[in-house]
Structures are given as C-alpha cells and as structure tokens.
Amino acid sequence: MCKKKYFSNQSLKDLNTFAIDVTAKKVIFVKTIVSLINISKICKLSNIPYIILGEGSNILFLENYAGIVIINRIRGIKIIEKKNTWLLHVFSGEKWHNLVKLTLNLGIFGLENLALIPGCIGSAAIQNIGAYGLEFKDICQYVDVLCLKNNITTRINKKFCKFSYRNSIFKNQYNHEHAVIAVGIKLSKKWRPIIFSTLKKYIKQKNITPYSMFNIVCKIRKKKIPDPKKTGNAGSFFKNPIITKEKAQKLLKLYHVPNYPEINGLIKISAGWLIEHYKFKNLQVGDAGIHKKQKLVLINKKNATPQEIIKLAKIIHICILKKFNVFLEPEIDFIGSIGKVKSSDIFKLKNN
Ligand code: FAD
Ligand code: EPU
C-alpha cells in the first residue's frame, strides 16, 4: 500500500455537526457493502483504526483521528404494499429526514413526529432516535447488521434489538466491528396522530393531518434547536435522566421539573429544565456555550475545541449533581484518536 496516499490528513470539520476542526488520516465515502468490507479488511491487515459514520450528528471528536473515517453512503429504499401496512427496507446510508419527506409525499404516514432529525438510517436504529412521543423502535421491524470479522450479515428482529431510550444492542454487543446495513420499517395504513404532551399547545386544529403534524414538528424544531449548518451542535448533549419514583417525588416536592412516566414505574425528567433552572450566568468555556432556547444543546460558537466542550459539559454535570442530586449522562458518542471513548472515562464520575 502506498503510505502517502493513505496517510494524508483530511479535515473532519464538515463531517461532524459540532464542526470540530480535527483531522483523520483519511476519509472514505462508501456506496456499497463490498467497498465497506474491502476497506475494513485493508484497515485490519494494516493495523489502521477505522470508524463508520453517517452524518456525524451524534458525536464529539476529542482529538485528531489516527485512522480512516468511513462515511456510509450505502443507499436504496424498497417499498412493499401489504393489505393494512407498508413495509420499507431502507439501506443505512439514506438520510433519515429524506425518508420522512419521501414517505409523506407518497402518502405513507407515521414518521412525521421524527421529522428534521439529522443523520442516517443506520444511526437512527443504533441510537433508537426519538422525538415527540415516537421512537425508532415503534416502527422498526428488523435491523440487518454486518459482522466485519466474518462478513456475515444477520437480520435481527426488533424483539432482539434491545431497544430502549437512546440505546440498542448496536451500541453494546454489536458496537465493535459491526456495521448496520439496512433496516425494516412497518407503517400502518391507518394513521393516528401521536400528540405528545409537549405538542399539545401547538396543535390548534381539530383535524390534524400527517402533513400538518410534519409542519408543526419542523416549525417547533427550527425555533428551538440550532441549525448545525449555522451553529455547531450535536442535538441534546445529555440524556433526560430516568430516576426512581422515590427520588422523583423528593425532587418534585422542591421543583416543578417536567416529568414523564416510564415503564417499571421509573420517571424521566427534563434535563433541559434542570440546566435552565440552575441559572448559569452566561456560562461559556472558550467558544463552547449553551443554546439559549434549548439548554440541553451545547453549541460551538465559532472555533470551540473538544476540550472546551468537555469542560463546559463537566461544569454543567457537577453543578446539576450538586444542586438537584441528579446525574446527567451524555447522549452523544465520544471519539478519541483510535476509537470510541466511554463517557464514564471522560467524566470520571460514577452514578450512585
Ligand atoms: P453519527 O454521528 O455519524 O454516528 C453515531 C454513532 O453511530 C457513531 O458511534 C458511529 O460510529 C455509529 N455508526 C453510524 N453509522 C453506523 C453504521 N452504519 N454501522 C455501525 N455504526 C454506525 N436524536 C434524537 O434521537 N432525537 C432528536 O430529536 C435529535 N435531534 C437532533 C438535532 C440536531 C440539530 C442534531 C445535530 C442531532 C440530533 N439528534 C437527535 C442526534 C442525532 O441526529 C441522531 O443520533 C442520529 O441518529 C445520528 O445520526 P448520524 O448518522 O449523524 O450518526
Ligand atoms: N425545558 C426547559 N428548558 C430547556 C429545555 C427544556 O424548561 O432548555 C423543558 C420545557 O418544559 C419543555 C420540556 O422541558 O417543554 C421538554 O423540552 P423539549 O420538548 O425541547 O424536549 P427535551 O426533553 O429537552 C427531548 C429529546 C430531543 C427531542 C425532544 C422532542 C432527549 C435527550 N432529547 O428533548 O432529542 O427532539 O425531546 O421530543 O431525550 C436529541 O436526542 O438530540 C434530541 C434533540
């Protein structure tokens, strides 16, 4: 292999929505499963680290990446009509929001609540994306995952994907040397609006349609969440904590934190509210700041370094723990020079 060709540094600034100015040894866009297999094989043989990305909208690079960043652009959508449902087989390099728009234009409904979420289909499954009362798991049928050790693709039925809030088997058991290749989605022909509590005040008309729902969700999101093309961010930096009923009751006696019941009697509370009510006064570390209209979103105001973003996140984490006794866990993935880094290793704090 010609070393020069493979080791010329390439900027990743446009390939991560936080717009962090780091480099990789090489960036390769893949359009086919065969290329993905071949590149991963070369990397393994040459002992070069590699990482697969979609749109880089749920990650923070901590430093220059000492390997190859593979950008997944494996595309294709197949739609099968059944008596009562639509079945979609979508390859993992398709953009999520494009699928939402396409299905809506074809009169196939059910994805509207997840409109305008950046990223690719593969990552949507890995992350179990969610918004306004709908999660990927609710419409998922199966996920096809390729093992890059033996090049065998396995279809995992949704029952075995271990989907939970912003989590799945693909973030754990299949996190290493696996690539999500395609997903199966099932949408009912009978459309029922999902009017999540935070949507109610925006829905005035009685006869809500999938189109008006799509427009409402897009409008709210554009108002609250910064456009990564203008301001670097990765959506919510932290997850909304899920706490026990007892702990929630104590907290709710003192503060009116928005809360949502979860399964097993647990309660999810709004991390954005906690950060807003800590009342940080213009907290900023270098160019890393908190978005004014959505405090869960940390932003790169211009040329923030990963260290500035981490320092800001640590300050928020510690302050929220001290004031509310609530542990904030990052939602995004952290990528070091040779691969993913556990958030617990960065924050060095344990939930107790
Ligand atoms: P990336 O950031 O590229 O990758 C994420 C992780 O998945 C990485 O660890 C990567 O290595 C791995 N990965 C990616 N593709 C593959 C693959 N094919 N095989 C194996 N591993 C892979 N999320 C929500 O849930 N709800 C929201 O409402 C929401 N709003 C957002 C708003 C903004 C403005 C932004 C910037 C982000 C938001 N997010 C939201 C987070 C993000 O959009 C989602 O997590 C999205 O699914 C990430 O997709 P991606 O392709 O950019 O993933
Ligand atoms: N709130 C505040 N201040 C804030 C933010 C929120 O008081 O700065 C309170 C408000 O009462 C608001 C409520 O929290 O009504 C809920 O806020 P919002 O609808 O913005 O939702 P969220 O809980 O902050 C979650 C997801 C988002 C998703 C929205 C919409 C997480 C970590 N975040 O945010 O997902 O778009 O719900 O349902 O679960 C992401 O994952 O990156 C993401 C953006």
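Heavy atoms only: backbone and side chains are in, while hydrogens, waters and symmetry mates are out. Ligands are counted one by one from 1 in listed order, and the atoms in each one are counted from 1 as well. If you read the sequence from its start, that first residue is 1, and numbering goes on from there.
Within a 4.0 Å radius of atom 29 (C) of ligand 2, the protein contributes no heavy atom. Taking a distance limit of 4.0 Å, we find that atom 44 (C) of ligand 2 is approached by some protein heavy atom.
Comparing F238, Y260, Y132 against atom 38 (O) of ligand 2, the shortest heavy-atom distance belongs to Y132. The closest heavy-atom contact to atom 18 (N) of ligand 1, among the options N233, T17, V180, comes from V180. Comparing I52, L60, I126, I129 against atom 44 (C) of ligand 1, the shortest heavy-atom distance belongs to I129. Considering only non-hydrogen atoms, atom 36 (C) of ligand 1 lies nearest to G235 out of G56, G235, A115.
At least one heavy atom of H178 sits less than 4.0 Å from an atom of ligand 1. Residue contact check for ligand 2: H291 places no non-hydrogen atom closer than 4.0 Å to it. For the pair Q127 and ligand 2, no heavy-atom separation below 4.0 Å is found.
Considering backbone and side-chain atoms together, R221 places an N or O closer than 3.5 Å to an N or O of ligand 1. Residue contacts with ligand 1: G130 is placed with a nitrogen or oxygen under 3.5 Å of a nitrogen or oxygen of the ligand (distance criterion only). In terms of polar-atom proximity, G119 is not counted as a contact of ligand 1, lacking any N or O under 3.5 Å from an N or O of the ligand. No N or O atom of H277 sits closer than 3.5 Å to an N or O atom of ligand 2. An N or O contact shorter than 3.5 Å links E55 to ligand 1 by distance. Close N/O approach between K293 and ligand 2 is not found [any backbone or side-chain N/O within under 3.5 Å]. Note: no N/O pair closer than 3.5 Å links N128 and ligand 1 by distance alone.
Only the side chain of R166 comes within 4.0 Å of ligand 1, counting heavy atoms alone; its backbone N, CA, C and O stay farther away. Contacts between E276 and ligand 2 below 4.0 angstrom, taking non-hydrogen atoms only, involve the side chain exclusively. With a heavy-atom cut-off of 4.0 Å, P118 touches ligand 1 through backbone and side chain alike. Contacts with ligand 1 closer than 4.0 Å are made by side-chain heavy atoms of I117 only, the backbone lying farther away. Both the backbone and the side chain of S123 come within contact range of ligand 1, each with a heavy atom under 4.0 Å.
In this structure, the protein non-hydrogen atom closest to atom 8 (C) of ligand 1 is D333 OD2, 3.4 Å. Of the protein's non-hydrogen atoms, the one nearest atom 2 (O) of ligand 1 is N58 N, 2.9 Å. Nearest protein neighbour of atom 48 (C) of ligand 1, counting heavy atoms only, is S57 OG, 3.2 Å.
Contact check on D287 versus K302 returns no salt bridge, with no Lys/Arg side-chain nitrogen under 4.0 Å from an Asp/Glu carboxylate oxygen.
Listed by number with element, the atoms of ligand 1 under 4.0 angstrom from any heavy atom of I51 are 11 (O).
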